[in-house]
A.B. asks: 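One structure coming up, written as structure tokens, with questions to follow.
Naming: A, B, ... by sequence-line order, numbering from 1 per chain.
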Amino acid sequence: MMSISEAMKPEMIGKTVQLHGWVYRIRSSGKLSFIILRDSTNIIQLLASADSLGSDAYRELSSLTVESSLEVTGTVRDDKRAVTGYEVAIKTYRIYQKNEMFPVSKDLGEEFKLDNRHLWLRSREFTAMLKVRSTVFKAFADFYYNENYYQVQAPMMVATATEGGSTLFKVPFFGEEVNLTQSSQFYLETFIFSLERVFTIAPSFRAEKSRTWRHLTEYWHAEMEAAWLNNEDMMKIEERMIEYIVEEVLRNNRPELELLKRDIGVLENIKVPFERIKYSELIKKAQDFGMNLKYGDDLGADEERGIMNHFQKPVFITDYPTSLKAFYHRQNPENPSEILCHDLLAPEGYGEIIGGGERIWEYDELVRRIKESGMNPDDYYWYVDLRKYGSVPHSGFGLGLDRLVMWILHLPDIKEAIPYPRTIRRTKP
RNA sequence: GCCGUUGUAGCUUAGUUGGUAGAGCACCCGGCUGUUAACCGGGCGGUCGUCGGUUCGAAUCCGACCAGCGGCGCCA
């Protein structure tokens, strides 16, 4: 048995191969049928000939339907008329299942494809996306392993909020209640006192009633924390990481990028350094960017789009006002009204994919900021404890992997970047 | 939470000032020895989201209900 891509090599011409897979397309005439066979690697044209197979076998093969499963043996030849340049003339075959009717065909609405995601993911487009997604997840981990980071795992069921209590999912827990995590960040911070540099890839859950093209209630969060690093160190790591992930996609997924008609030139241009713009500078330049923004306003979807229309590469926006971000960000000692943080905005209108920066590492400052945010430091006792025993400056970030895949592939909606999207109104399939 | 919008065949959809509900794909049957979204002929498939109202007559006009979708905010 071999894969379709293994069979489609010049040295295989004239050889007999055994292939298995699914019917991708089928066309038949009186004496000839063309079955396009699909497996995880590629598609290839099979030829069924009535003269060489006999009429009973020919009838059986030519009546196959889309996504029926089968195994064939036959001889490979190159043929320019075949869709991928090679063709296998069927000698023997075994049909595993002939389908009645595959519900997924051409001309489908977005909703129908979502309802049938378990079947739609067999499509060549979705398969291509899944292969790129696989590369992105691996490249993220590889990058940090290469930088001598350790991968760690945080709990998904937690007692405390990271980003604010209103967006927590409550789950029954032996007669009490627990929350699904919004971020593994606080737990990652606990690890830096032993491992110093750690990362994790895990889902995060946000009970926000978002209905947009770039929000999920369950999304894949790549997070990292490191001792001794400051905000600028962090941005240097992140831009190299993004460059590396894009390079890996370009190196491993050319066929997928071409199938999805991605503009490869845009990706080839993603090289360090990325521009850094302070929030306060951005406000001064707001008019140039065609925006009506004053100091203290958060950047909305229109603003992010307006900014990124001017850049071909990702851009860091840094030093946000303290009031715009969560309590754990460290204030600039020289200007406490601003924090030592950054967001990374993706080009081509995609906007924020990373949020990160320095964490508060001094005990008094953290307790004060928790109180100022209207929360009880006792609820965060273990997080506060970290600032009592050998605390050190440290930084970290969170990356939305689904958003990254969406941008790398220039997809129109984040639901196209994850196999089974969970949104405010979708839990199936 | 706020604003907007749509329900017609398994899927994608057309349907004019209210007058017998049409097509493409898929599927089934027949034809074709080189197809590329194959093609040609035939067939199957509809309580026009539901309920009520106006009318001689409603997919079309009105009302209520149900279900779905898009955008903003929130963030990654």
A.B. asks: Do we see A/Tyr219 stacking on the base of B/A76, given a limit of 5.5 Å between centres and 30° between planes?
C.D. replies: yes
A.B. asks: With nearest nucleotide decided by heavy atoms, which residue, A/Tyr58 or A/Lys98, maps closer to the 5′ end of RNA chain B?
C.D. replies: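 Closest to the 5' end, via its nearest nucleotide, is A/Lys98.
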A.B. asks: For the side chain of A/His221, starting at C-beta, report the closest nucleotide among B/A76, B/G70, B/C11.
C.D. replies: B/A76
A.B. asks: Would you mind classifying the nucleic acid contact of A/Ser49 as base, sugar-phosphate or nothing, using non-hydrogen atoms under 4.0 angstrom?
C.D. replies: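 A/Ser49: no heavy atom of the nucleic acid under 4.0 Å.
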A.B. asks: Tell me what A/Glu87 touches on the nucleic acid: a base, only sugar-phosphate, or nothing, going by heavy atoms under 4.0 Å.
C.D. replies: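 Base contact.
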A.B. asks: Please list, by residue number, the residues of residues 32-47 of chain A whose heavy atoms come closer than 4.0 Å to an atom of RNA chain B; answer none if no residue qualifies.
C.D. replies: A/Leu32, A/Phe34, A/Gln45, A/Leu47
A.B. asks: Between A/Asp402 and A/Arg77, who's closer to the 5' end of RNA chain B by nearest nucleotide?
C.D. replies: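 Its nearest nucleotide being more 5', the pick is A/Arg77.
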A.B. asks: NA contact type, A/Ser204, heavy-atom cut-off 4.0 Å: base, sugar-phosphate, or nothing?
C.D. replies: nothing
A.B. asks: Is a salt bridge present between A/Arg214 and A/Asp402, judged by a nitrogen-to-oxygen distance below 4.0 Å?
C.D. replies: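 Judged by the 4.0 Å cut-off on N to carboxylate O distance, A/Arg214 and A/Asp402 do not form a salt bridge.
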A.B. asks: Output every pair passing ring pair (Phe, Tyr, Trp, His ring centres under 6.0 Å) with a member in residues 290-314 of chain A, not counting sequence neighbours, ordered by first then second residue.
C.D. replies: A/Tyr279-A/Tyr295, A/Phe289-A/His310
A.B. asks: Would you mind classifying the nucleic acid contact of A/Leu216 as base, sugar-phosphate or nothing, using non-hydrogen atoms under 4.0 angstrom?
C.D. replies: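 If one applies the 4.0 Å heavy-atom cut-off, A/Leu216 turns out to touch a base.
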A.B. asks: Using the side-chain heavy atoms of A/Arg27, tell me which of these nucleotides is nearest: B/U35, B/C75, B/C69.
C.D. replies: B/U35
A.B. asks: Please check the phosphate of B/C69 (OP1 and OP2 only) for any side-chain N or O of A/Arg425 closer than 4.0 Å.
C.D. replies: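 Yes, because at least one side-chain N or O of A/Arg425 sits under 4.0 Å from OP1 or OP2 of B/C69.
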A.B. asks: So if I take every side-chain heavy atom of A/Trp213 and compare against B/U35, B/G71, B/C27, which nucleotide ends up nearest?
C.D. replies: B/G71
A.B. asks: Out of B/C74, B/C27, B/A76, which nucleotide sits closest to the side chain of A/Val66?
C.D. replies: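 The closest nucleotide is B/C27.
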A.B. asks: Only one of A/Phe327, A/Trp361, A/Tyr380 passes side chain to side chain contact (heavy atoms under 4.5 Å, CB included) with A/Leu366; say which it is.
C.D. replies: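 Among the candidates, only A/Phe327 passes.
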A.B. asks: Identify all pairs in which a protein N or O lies below 3.5 Å from an N or O of nucleotides 1-8 of chain B, and state each distance.
C.D. replies:
residue : atom : partner  : partner atom : Å
B/G1    : OP1  : A/Lys209 : NZ           : 2.7
B/G1    : O6   : A/Lys209 : O            : 3.4

A.B. asks: Quick one: list whatever passes ring-ring contact (aromatic ring centres under 6.0 Å, His included) with A/His118, sequence neighbours left out.
C.D. replies: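 In terms of ring-ring contact (aromatic ring centres under 6.0 Å, His included), with neighbours along the sequence ignored, A/His118 is linked to no residue.
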A.B. asks: Please map the stems of RNA chain B, keeping only stretches of three or more Watson-Crick or G-U wobble pairs with both distances under 3.5 angstrom.
C.D. replies: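 For RNA chain B the paired stretches long enough to count as stems (3 pairs minimum) are B:1-7 with B:66-72, B:10-13 with B:22-25, B:27-31 with B:39-43, B:49-53 with B:61-65.
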A.B. asks: Of all the nucleotides listed (B/A76, B/C69, B/G10), which has the minimum atom distance to the side chain of A/Arg426?
C.D. replies: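 Taking heavy atoms from C-beta onward, the closest nucleotide is B/C69.
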A.B. asks: Heavy-atom contacts under 4.0 Å between residues 297-322 of chain A and RNA chain B, which residues?
C.D. replies: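 Within this stretch, A/Asp298, A/Gly300, A/Ala301, A/Arg305 sit under 4.0 Å of the strand.
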